[in-house]
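Worksheet: one structure, shown below.
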2 protein chains.
Amino acid sequence: MSIGFRKNLSKETSGSLGDQVRDHLRIRILGHEWEAGGKIPGEFELADQYGVARVTIRTALRSLETQGLIDIRHGSGAYIADFGDSVRAGLQELRSITQTIREMGHKAEMITRSSEIRKATATEAKDLQISEDSDVLHIERAITADGEVVAFSYDTFNIEELTPAILKRISKGSVFAALDSIRKHPVRARAEIHAISSNEIGWGRDRPRSGLYLLLRQVHYLRNGKPIFTGDTFFVEGKFQFIIHRTV
Amino acid sequence: MSIGFRKNLSKETSGSLGDQVRDHLRIRILGHEWEAGGKIPGEFELADQYGVARVTIRTALRSLETQGLIDIRHGSGAYIADFGDSVRAGLQELRSITQTIREMGHKAEMITRSSEIRKATATEAKDLQISEDSDVLHIERAITADGEVVAFSYDTFNIEELTPAILKRISKGSVFAALDSIRKHPVRARAEIHAISSNEIGWGRDRPRSGLYLLLRQVHYLRNGKPIFTGDTFFVEGKFQFIIHRTV
DNA sequence: TGCTCTAAGTTGTAGTACAACTATAGAGGA
DNA sequence: TCCTCTATAGTTGTACTACAACTTAGAGCA
């Protein structure tokens, strides 16, 4: 597995060696290769397994610890943090909502209500760091799991960073998949969280009667620090479980 | 500053050298020593400043990157992530609520409504990994900022891990400060987030009429992986801004 | 003015060595 | 037999060095 790993995964994944090892270890952890509270192999053995230096393994393990997936104990080892299966919807992991739904074993769909290019609002221009007369792509969509609406999203894209072909693809399918194809996927997002009670949010006959939502107000950034898109996502309370790992 | 740092901070802070450097750098970042988007000193220079090896600096920087405070760019440097002042209420940073309020320049108080030792409920016993007939300490409190109620908390402690003196101190002041004094402060927590609309939550005349809360349902763990306390904290919507940094 | 290329600077990875800490097994004593 | 202590092996933490990979800025040239 030693050299084979570096050959195989460098094509699929991106980022540094340490990031690749981190992502692979995360898959192994979430795949329950080790039981909760159990000990994973030592740094020397992992370095052997992946054919990388111990420094690289330590980089990956530190990152996983900050994410709350493992506990590293000096002189003892690294242990799987006790979490439920719901970790896959971990809030600090920046990933596609639809992909998360699919990984949890459900059928995910996106229903576009509207898609238009218009001038940016003041708030949008500020978040996207563009002038106020710039054009932006605004999309309103509903996200469903097994046919049931779980969220309503209002996204606004900085079209200066994107080509018309990509814009079309974004408005039709998964945002993350489209951005990934041109290597412009966001690596970081800043989100505010709010509780919202309103009947003005959802639409259609599947609109929840309670009107109770968890709002994620986000700005997504590229690796070079530039904002690529911003948006509000209203999650129907109770339909989606958000987990967050907090560390010192 | 080189040797002085290691002498000074090893008394106040805990954890490995890398953790101490990380905490110190976090203070410098949140203190706006560098402007948003600006570049912090290189790894070699920081290693000089702190009198530690570059490996140790890299450990700290990686952790700060995972927390979303900086962006590290290969061949270029580490840059301050663009965030507002509200970062100090970063949701993935496990810290005392009252201390966070104070750091934001407000006066924080805790008003205890009730404090009792009783048998654990089924849910509490499961979360705390104790038998169902075990005794637990249950406290109901309101948290205020500048005299205004910002949250209601319902906490339950595993008293097997604590002495009577500490239990008394917990019920009177800050939980984190009390646990810190016996080096049993939690290093990790797992939290669910919910939007709640109910008039059964708050009490007193300051109870918000809207009844709209952001609920944090948490379990706190010690470094050895054992749960120390669990609890529900209901934040009055609009009074407390939660920020979260999401990374790939 | 604009472009290309070079060089300096920065982070990423590798390897080695030793320090600090933990857990275990075993010796020794009550 | 049980308990306590100790030695020891195993693991993570820190240090130092060296080089690779990448970015940026500036010199030089057309």
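Just so it is clear, the structure is predicted and the values come from calculations on it, not from any experiment. Letters go in sequence order (proteins before strands), and every chain restarts at 1.
- With Tyr221(A) as the aromatic partner, Arg190(A) does not meet the cation-pi criteria of under 6.0 angstrom to the ring centre and within 45 degrees of the ring axis.
- In this structure, Leu17(A) places its CG atom 15 Å from P of dA20(D), rounding to the nearest Å.
- Listed candidates were dT14(D), dT11(D), dT23(D). Nearest to the side chain of Ser76(B) is dT23(D).
- For the pair Glu43(A) CD and dT13(C) C1', the interatomic distance rounds to 15 Å; values are reported in whole Å.
- For the OP1/OP2 pair of dG13(D) and a distance below 4.0 Å, the side-chain nitrogens and oxygens of Arg58(A) include at least one atom meeting the criterion.
- The aromatic rings of Tyr154(A) and His138(A) lie tilted to each other, with the angle between the two planes from 30° to 60°.
- Salt bridge absent: Arg118(B) and Asp135(B) never bring a charged side-chain N and a carboxylate O closer than 4.0 Å.
- Atom pair Leu46(B):CG and dA15(D):C1' shows a separation of 17 Å (rounding to whole Å applied).
- With hydrogens and angles left out, the side chain of Arg54(B) and the base of dG12(C) share a donor-acceptor pair within 3.5 Å.
- Taking for each of Thr56(A) and Tyr79(A) the nucleotide of DNA chain C with the nearest heavy atom, the 5'-most of the two is the partner of Thr56(A).
- Each of Val55(A) and His74(A) lies near DNA chain C, and the nucleotide nearest Val55(A) is the one positioned closer to the 5' end.
- Between Tyr50(B) and His24(B), the two ring planes are perpendicular [angle over 60°; tilted spans 30° to 60°].
- Thr59(A) has no side-chain polar atom (N or O) that falls below the 4.0 Å cut-off from OP1 or OP2 of dT13(C).
- Judged by the 6.0 Å and 45° rule, Arg54(A) forms a cation-pi pair with Phe44(A).
- Rounded to an integer number of Å, the gap from CZ of Phe44(A) to P of dG15(C) is 12 Å.
- Which of dG12(C), dT10(C), dA15(D) sits closest to the side chain of Lys39(B) comes down to dT10(C).
- In this structure, CZ of Arg73(A) is placed 22 Å from P of dA20(C), rounded to the nearest angstrom.
- Atom CG of Asp48(A) and atom P of dG15(C) are 10 Å apart (whole Å).
- Taking atom CD1 of Ile72(A) as the reference point, atom P of dT22(C) lies 15 Å away to the nearest angstrom.
- Whole-Å rounding puts the Gln20(A) CD to dG12(C) P distance at 13 Å.
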